[in-house]
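Before any comments, here is the structure.
The sequence lines fix the lettering, A, B, ..., with proteins before strands; numbering per chain opens at 1. The figures that follow rest on heavy atoms only: side chains count, while hydrogens, waters and symmetry mates do not.
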2 protein chains.
Amino acid sequence: MDARRDVFQAIADPTRRAILGMVANQPQNVNALAEKFDVSRQAVSLHVKILHECGLLTIRQQGRERYCEGRFDKLSEVAEWIEQYRKFWNSRLDSLEQYLNQIQTKTDKP
Amino acid sequence: MDARRDVFQAIADPTRRAILGMVANQPQNVNALAEKFDVSRQAVSLHVKILHECGLLTIRQQGRERYCEGRFDKLSEVAEWIEQYRKFWNSRLDSLEQYLNQIQTKTDKP
DNA sequence: AATTTGCGCAAGCATTTAATTGCGCATATA
DNA sequence: TATATGCGCAATTAAATGCTTGCGCAAATT
């Protein structure tokens, strides 16, 4: 179960995205994560392993527990890939900056 | 070969990302695309089908040819998912980050 | 010291996926 | 009209993926 293993592939799985969401704010150990899913602890453990191999989370061993914490900078790879196409779906704006100004303006409007 | 079929999964494949890159600027027919890859025409045709099913490209039939053109607005789904984590990897001054901090400060206010 | 708990390893299994090959049907072209 | 071209539709195969189960080790608890 180890072939092409990149960030794009890692985030393709919904369970892995959920895991990332859970370890974004504070570290969680593997069992704590596993309890939140319907799949077995082993399945979650494997997802964690994959995410770790991709550099999307770090693992801090503490006694017999392994605390997982999100490491999201690798997502910039995906973000950059997508950014180049933003102009195609948001044709009147051709940069993130302008896009941001747009939503900011919308939001600020009372 | 039709199960979970979402945008995250569609862009997980490098060949499909390459195809999207090729049809971003001007439409290409299936054979023209296939020539650029080492895999068979059928393989490319299948990737095109998947991308089409995900709404990531449109197909315009013209005679016996099918012109594929990128439709990137579905990528915003991925972009939005990623955006929520940008603050974790991009700690430098960034308009989006500032924006996020701004609303976060508002929210955090007790 | 004995037991429980957290968790990785590894084997096994069902699906899914990517890719190939052969076929046939339209639409072009000679 | 005969032939070439573009391309989808299976059917098939090999590999990858997600998941489970059983095992065992090391750290914590009793």
Would you list the atom pairs, donor with acceptor, under 3.5 Å between side chains in residues 31-50 of chain A and any protein atom, with sequence neighbours excluded?
from	atom 1	to	atom 2	distance (Å)
A:Ser40	OG	A:Gln42	N	3.4
A:Ser40	OG	A:Ala43	N	3.1
A:His47	ND1	A:Arg16	NH1	3.1

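Comparing C:dG8, C:dT20, D:dG18 by their nearest atom to the side chain of A:His47 picks out D:dG18. For B:Asn29, the listed nucleotide lying nearest its side chain is D:dC7; candidates were D:dC7, C:dG6, D:dG18. The side chain of B:Val39 sits closest to C:dA19 out of C:dA19, D:dG18, C:dA18. Looking at the side chain of A:Glu65, the nearest of the listed nucleotides C:dC7, D:dT20, C:dA18 is C:dC7.
With the end axes of the helix from C:dA1-D:dT30 to C:dA30-D:dT1 each set by five pairs, the angle from one to the other reads 20° at 10° resolution.
Contacts of A:Ser40 with the nucleic acid, taken as non-hydrogen atoms under 4.0 Å apart, include base atoms.
One cannot find a donor-acceptor pair under 3.5 Å joining the base of C:dC7 and the side-chain atoms of A:Gln42.
The CG-C1' distance, from B:Leu46 to D:dG8, rounds to 10 Å in whole Å.
Qualifying side chain to side chain donor-acceptor pair (under 3.5 Å) partners for B:Arg17, counting only residues two or more places apart in sequence or in other chains: none.
Of the side-chain N and O atoms in B:Gln61, none sit less than 4.0 angstrom from OP1 or OP2 of C:dA26. Contact check, B:Arg41 against D:dG6: no side-chain N or O comes under 4.0 Å of OP1 or OP2.
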